[in-house]
Visitor: 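Below you will find the structure I want to go over with you.
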Amino acid sequence: MCNAGWNAGTELEVIDGVDPDGSTGGIGIHATLDDDPPGDPNDWPEENQGGPTRIYLDDWRIMYDVIQPGNVVNTGECHHQAHFMNLALQLIGMQAGIEYLTYASTDSNPTDREFTTAEALGITQDLDGDGVIGNEILELIFDFNPPLVEPPPPDWERAWNNFEGSIIAAGKYYAVWPSLEADSACRLLLEVERLEGAKQYWIYRGPTGGVAYYYPTEVLFPTCP
């Protein structure tokens with residue numbers, strides 16, 4: 001991993017890479033992680049579906065995402081992957097990047113979670129069953145598998161995602177897997193929309209933390225300055 005940055009002349013080249021002709025994109029650490037991505041939970045079925053036991057890591061072992069003795073596999077969520085990239089940068093002498101989470105957002109600052117009330121959305125259902133309508137708190141999150149039509153088919157399976165692990169390094173903004181980069185936090189959010197086909201929805205969580213209800217109208221991504 002660190003070998004990807006040895007021949008670079010600048011910190012940005014360490015991350016983005018540089019080809020012999022001077023153009024970017026050749027050898028950098030971020031490009032290497034795109035070519036050989038670290039372990040991801042989506043690579044394996046759940047344990048109750050016959051998959052291996054997942055061991056969540058944020059160090060070099062995350063690159064060894066094959067089944068280990070004892071039917072375990074090294075893996076990591078997006079924020080673990082961003083931390084791993086940060087460690088690789090520091091190993092070759094770069095200043096530590098700033099790790100953060102990219103959230104679904106209605107404005108150009110996607111670094112904080114957004115909430116609203118059922119009343120504000122005009123929801124007339126008693127979502128939590130307490131006899132009071134409108135007091136429930138809804139959160140804005142991504143859907144990485146949005147249906148092509150609304151309402152979706154009865155068996156459509158949403159891919160809800162709370163955030164995308166991200167890092168600021170050498171003045172740019174990155175996500176590791178999916179491999180995204182941009183020149184601002186807002187534009188990285190738009191990369192999530194563009195490359196992942198993601199949409200944003202207000203959701204209400206049930207007692208177990210899962211999505212118990214989602215407001216059917218998608219929330220548009222913001223315009224970036």
Side-chain angles (χ1 to χ4, degrees), residues 1-6 15 17 27-92 96-104 113 139 141-147 152-167 169 174-181 188 191-193 195-201 203-214:
M1 176 59 56
C2 291
N3 288 339
W6 289 132
I15 301 169
I27 57 171
I29 285 176
H30 189 246
T32 300
L33 287 171
D34 184 27
D35 185 59
D36 182 18
D40 189 280
N42 293 324
D43 296 337
W44 305 94
E46 299 281 358
E47 291 179 60
N48 58 14
Q49 298 174 357
T53 300
R54 299 173 181 179
I55 306 298
Y56 288 88
L57 302 166
D58 59 7
D59 59 26
W60 63 269
R61 292 172 294 172
I62 201 174
M63 299 302 296
Y64 294 90
D65 57 340
V66 296
I67 297 179
Q68 308 286 335
N71 196 37
V72 301
V73 65
N74 299 335
T75 188
E77 300 281 2
C78 52
H79 55 295
H80 299 119
Q81 297 165 358
H83 182 68
F84 173 69
M85 175 176 163
N86 204 5
L87 292 179
L89 298 178
Q90 293 174 73
L91 277 173
I92 60 174
I98 300 173
E99 299 170 32
Y100 74 100
L101 303 178
T102 296
Y103 292 101
R113 297 165 69 191
E139 178 185 354
I141 66 172
F142 300 113
D143 180 3
F144 276 11
N145 188 37
D155 60 347
W156 191 270
E157 185 175 350
R158 301 267 182 167
W160 300 113
N161 191 301
N162 299 326
F163 55 77
E164 190 63 51
S166 309
I167 177 174
Y174 299 90
V176 173
W177 191 248
S179 183
L180 309 174
E181 63 179 271
L188 189 65
E191 287 297 295
V192 172
E193 175 193 23
L195 291 184
E196 290 297 298
K199 293 186 177 181
Q200 303 182 131
Y201 291 91
I203 62 98
Y204 173 73
R205 298 190 185 277
T208 61
V211 177
Y213 168 90
Y214 74 90

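All of these numbers come straight from a predicted model, not from anything done at the bench.
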Visitor: Nearest 0.5 Å please: distance from the CD1 atom of Ile92 over to the CG atom of Leu87.
Guide: 12.0 Å
Visitor: What closest approach, in Å, do Gly76 and Tyr56 show between heavy atoms, and which atom pair accounts for it?
Guide: CA-CD2, 4.1 Å
Visitor: With no hydrogens and no angle check, is any side-chain donor or acceptor of Gln90 less than 3.5 Å from a backbone partner on Met85?
Guide: no
Visitor: To the nearest 0.5 Å, what is the distance between CH2 on Trp177 and CG on Asn42?
Guide: 11.0 Å
Visitor: Start with the C-alpha distance between Phe84 and Trp60, add both sets of side-chain angles, then the distance that settles side-chain contact (heavy atoms from CB on, under 4.5 Å), and finish with yes or no.
Guide: CA-CA 7 Å; Phe84 173 69; Trp60 63 269; 4.1 Å; yes
Visitor: Take Trp44 and Ile67, measure what side-chain contact (heavy atoms from CB on, under 4.5 Å) needs, and give me the verdict at the end.
Guide: CA-CA 10 Å; Trp44 305 94; Ile67 297 179; 3.7 Å; yes
Visitor: How long is the straight-line distance from CG of Asn161 back to CD of Glu77, given to the nearest 0.5 Å?
Guide: 8.5 Å
Visitor: Side-chain contact, heavy-atom cut-off 4.5 Å: Leu180 with Leu188?
Guide: yes
Visitor: Locate the shortest heavy-atom distance separating Tyr103 from Asn162; write the atom from each residue and the value.
Guide: CD2-O, 3.5 Å
Visitor: Is atom CZ of Arg205 surrounded by more than 12 heavy atoms (other residues, nucleotides or ligands) closer than 6.0 Å?
Guide: yes
Visitor: Cationic tip of Arg113 within the cone over Phe163's six-membered ring, i.e. under 6.0 Å and within 45° of the normal?
Guide: no
Visitor: Checking Asp36 side chain against Leu33 main chain: does a donor-acceptor pair fall under 3.5 Å?
Guide: no
Visitor: Would you name the heavy atoms of Gly165 and Leu101 that are closest together and state the gap between them?
Guide: CA-CD2, 4.0 Å
Visitor: Could you tell me whether the side chain of Met63 reaches within less than 4.5 Å of the side chain of Pro37, counting heavy atoms only?
Guide: no
Visitor: Check the pair Arg54, Glu46 against side-chain contact (heavy atoms from CB on, under 4.5 Å), reporting the backbone distance first and the verdict last.
Guide: CA-CA 8 Å; Arg54 299 173 181 179; Glu46 299 281 358; 3.8 Å; yes
Visitor: Where do Gly197 and Pro146 come nearest, in terms of heavy atoms and distance?
Guide: O-CG, 3.3 Å
Visitor: Does Cys78 reach the side chain of Val176, with side-chain heavy atoms less than 4.5 Å apart?
Guide: no
Visitor: Could you tell me whether the side chain of Asp43 reaches within less than 4.5 Å of the side chain of Val73, counting heavy atoms only?
Guide: no
Visitor: What is the distance from atom CG of Leu89 to atom CD1 of Ile167, rounded to the nearest 0.5 Å?
Guide: 5.5 Å
Visitor: Hey, are Lys199 and Asp143 close enough for a salt bridge, meaning a charged N less than 4.0 Å from a carboxylate O?
Guide: no
Visitor: Does any non-hydrogen side-chain atom of Phe142 lie less than 4.5 Å from one of Glu193?
Guide: no
Visitor: Would you compute the distance between atom CG of Asp40 and atom CG of Asp65 and round it to the nearest 0.5 angstrom?
Guide: 9.0 Å
Visitor: Of all heavy-atom pairs between Ile203 and Tyr214, which one has the smallest distance, and what is that distance?
Guide: CG2-CB, 3.8 Å
Visitor: Over all heavy atoms of both residues, which pair between His30 and Ala175 is shortest? Give the atoms and the distance, please.
Guide: NE2-O, 2.8 Å
Visitor: Roughly how far apart are Gln81 CD and Glu99 CD, rounded to 0.5 Å?
Guide: 12.0 Å
Visitor: Taking Ser166 for its side chain and Glu164 for its backbone only, find out whether a donor-acceptor pair lies under 3.5 Å.
Guide: yes
Visitor: Any side-chain heavy-atom pair from Pro52 and Val72 closer than 4.5 angstrom?
Guide: no
Visitor: Could you tell me whether the side chain of Val211 reaches within less than 4.5 Å of the side chain of Ile141, counting heavy atoms only?
Guide: yes
Visitor: Is the backbone of Val66 close enough, under 3.5 Å, to the side chain of Gln68 for a donor and an acceptor to pair up by distance?
Guide: yes
Visitor: Test your reading of the model: is there a side-chain donor-acceptor pair from Asn74 to the backbone of Ile55, 3.5 Å cut-off?
Guide: no
Visitor: Would a line drawn from the ring center of Trp160 to the ring center of Phe144 be shorter than 6.0 Å?
Guide: no
Visitor: For Asn145, does its backbone N or O pair with a side-chain atom of Trp156 as donor and acceptor, under 3.5 Å?
Guide: yes
